[in-house]
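Worksheet: one structure, shown below.
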Amino acid sequence: MNRKFEQRLVPATVPGVRAFGLAVIAAAALLAGAGVIPASALATTITLNTTATGIAPTGITIDSAGNIYTANYGSNNVSKITPAGVTTTLNATFTDGPPNAITIDSAGNIYTANFGSNNVSKITPSGVTTTLAATGTNPFAITVDSAGNIYTANYGSNSVSKITPAGVTTTLAATGTNPTGITIDSAGNIYTANYGSNSVSKITPSGVTTTLAATGTAPYAITIDSAGNIYTANDFSDNVSKITPAGVTTTLNTTATGSNPRGITIDSAGNIYTANSGSNNVSKITPAGVTTTLAATGSNPRAITIDSAGNIYTANYFSNSVSKISAGGGTGDIFAAPPARPSAPTAVAGAELATVTVAPNAVSMRYGTPSSYTVTAIEDASRSCVVTVPATSCQVSGLSSASSYTFTSRANLNIWQTASSAPSAAVTPTLAPPSAPPAPTAVAGDGKATVTVAAGSGNTPASYTVTASPGGRTCTVTGAAGSC
């Protein structure tokens, strides 16, 4: 581990560094600082429990029921905190560790990136813990896609590992130096915040890596919005960088109201929130770039998340606690987290069409139950259909029998449309039979009739059989049209 990073992450052994010296400043002094709004205007903060977590929580996530989970670096375990504030330790006999980051899948399984043991642990909703797979060296951040694949950003080996639901691990790609944050977009591209090289790496699903852009100094955490813009919380430069899909980088807040941002999240209105480990508070940055101090937190917040009601939670490393910042606080509304995207749909091929069945999406407290799903063929975006609830499938027509297709779905909730799901498995439609031709015309002759057949719609037949009635006499027209 390089010296610069060790000083930032292990304050107990290296006292007095700038980031952590600020962590003990009293809240009153922070609120008196230049550019910070008065305490009376701050959102409401609640410490859920003064001993709400294990020791030194560094990661935080939330499930669909509103339960909070923290990865506790110092006590080598995971805490669960119910919406009522009741705390339990999920894995008291945890053998892997120490866990540095945490995430959750759509089935409620918890996964931790274990910095010290170079692996990932899985904790089921019933609390059963297993070692899922090994990773690269010092996995620091973790995410999961809608197909259940796990990805870790490996600080020590400058790489991203991919772990399939079956537990197969591969090195997906190399990254910049010392990746400490990871996120994924709706197309399956992975992005890492590279703490040591002040950059963001983009990794395609096939493992091709590019350096997307430079950032502020020491990007520690990373998130993405519904338009594909990337945001990094820059620990040393006390600001946030925005990187567009085209790779254009801007600094959102050169006069940030907090110091040493180490966690970052986004709400469904596009507001950015940072957990500021040096100043013990949360900053809010609007889409227009206006920055305010949203609320104070416990000591040294390292990670941040937002629930479907618009409440914000921070994992506080020094005070071994979780802070809750209530929605609707003094600096303006905190919008809900963006609704989760659906899991991958399934597709069955038909005659120049496919029947696509969608996976039901989670209910959002702010945006409600999905009213419909939009299904789109990845290979031809003009081919789509809509599943209107309570139906679960629809047919995408007009497909070519010479091509394979995969499909994604997007859930429509009130005014919100989620990001696209992971793609379905590929299917190849069959050739549709030709339609019935129009009525033929007949011209009488000497003991015979000449019958002319016109082409119908749809696929071209190899031939037509003409039959006389009465009598059953026949003749054959070869090709798309003609006479016999």
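Residues Asn412 and Ser371 bring no donor and acceptor atom of their side chains to less than 3.5 Å of each other. Glu379 and Thr406 form a side-chain donor-acceptor contact under 3.5 Å, judged by distance and modelled atom types alone. Looking at Asp235 and Tyr195, their side chains do bring a donor and an acceptor atom within 3.5 Å of each other. When only modelled atom types and interatomic distance are considered, Asn119 and Thr131 share no side-chain donor-acceptor pair under 3.5 Å. With hydrogens and angles left out, the side-chain atoms of Ser199 and Asn194 include a donor and acceptor closer than 3.5 Å. Side chain to side chain, Thr428 and Ser404 meet the donor-acceptor criterion of an N or O pair below 3.5 Å.
The backbone N or O of Thr223 sits nowhere less than 3.5 Å from a side-chain atom of Thr183 that would complete a donor-acceptor pair. Put simply, the side chain of Thr418 gets close to the backbone of Ala411: a donor and an acceptor are under 3.5 Å apart. Arg262 places no side-chain N or O within 3.5 Å of a backbone atom of Tyr220 that could act as its donor or acceptor partner. A donor-acceptor distance shorter than 3.5 angstrom exists from the side chain of Thr209 to the backbone of Ala174, with no hydrogens or angles considered. At least one donor-acceptor pair under 3.5 Å links the side chain of Ser424 to the backbone N or O of Phe407. Remark: the backbone N or O of Asn234 is not paired with any side-chain donor or acceptor of Thr232 at under 3.5 angstrom. A donor-acceptor pair is defined here as one N or O able to donate and one able to accept, closer than 3.5 Å; no such pair exists between the side chain of Asn114 and the backbone of Pro98. Between the Thr217 side chain and the Ser237 main chain, no donor and acceptor come within less than 3.5 Å of each other. In terms of modelled atom types and a separation under 3.5 Å, the side chain of Asp380 and the main chain of Ser382 share a donor-acceptor contact. Side-chain atoms of Thr430 come within 3.5 Å of backbone N or O of Gly350 as a donor-acceptor pair.
Residues Ser79 and Leu90 have side chains not in contact (no heavy-atom distance under 4.5 Å, counting atoms from C-beta outward). By the 4.5 Å heavy-atom criterion applied to side chains, Thr291 and Lys284 are not counted as neighbours. Between Ser161 and Leu172 the shortest side-chain heavy-atom distance does not fall below 4.5 Å. Put simply, the side chain of Ile163 reaches to within 4.5 Å of the side chain of Thr135, judged on heavy atoms. Looking at heavy atoms from C-beta onward, Ile190 lies in side-chain contact with Ile182 at the 4.5 angstrom threshold. Within the 4.5 Å cutoff, the side chain of Ser277 has heavy atoms near those of the Asn260 side chain.
Taking each heavy atom of Ala269 and Pro287 in turn, the nearest pair found is O-CG, 3.6 Å. Scanning all heavy atoms of the two residues, the minimum distance from Val375 to Cys394 falls at CG2-SG, 4.0 Å. Considering every non-hydrogen atom in both Thr357 and Ser393, the closest pair reads OG1-CB, 3.5 Å. Across every non-hydrogen atom of Gln395 and Cys385, the tightest pair is O-CB, 3.3 Å. For the pair Thr314 and Ala275, the tightest heavy-atom approach, listed with the atom from each and the gap, is CG2-CB, 4.3 Å. When every heavy atom of Ala344 is checked against every heavy atom of Ala359, the shortest pair comes out as O-CB, 4.3 Å.
Taking OH of Tyr111 as the start and CD1 of Ile102 as the end, the distance is 12.0 Å to the nearest 0.5 Å. Expressed to the nearest 0.5 Å, how far CD1 of Ile222 lies from OG of Ser241 amounts to 10.0 Å. Rounding to the nearest 0.5 Å gives a distance of 10.0 Å between CD1 of Ile123 and CD1 of Ile104. For the atom pair Thr369 OG1 and Asn361 CG, the distance stands at 10.0 Å (nearest 0.5 Å). With rounding to the nearest 0.5 Å, the separation of CD1 in Ile304 from OG1 in Thr265 is 6.5 Å. Atom-to-atom distance recorded for Asp185:CG and Arg341:CZ is 7.5 Å, nearest 0.5 angstrom.
The side chain to side chain contact (heavy atoms under 4.5 Å, CB included) with Thr376 is formed by just one residue from the set Ser409, Ser420, Ser384; it is Ser384.
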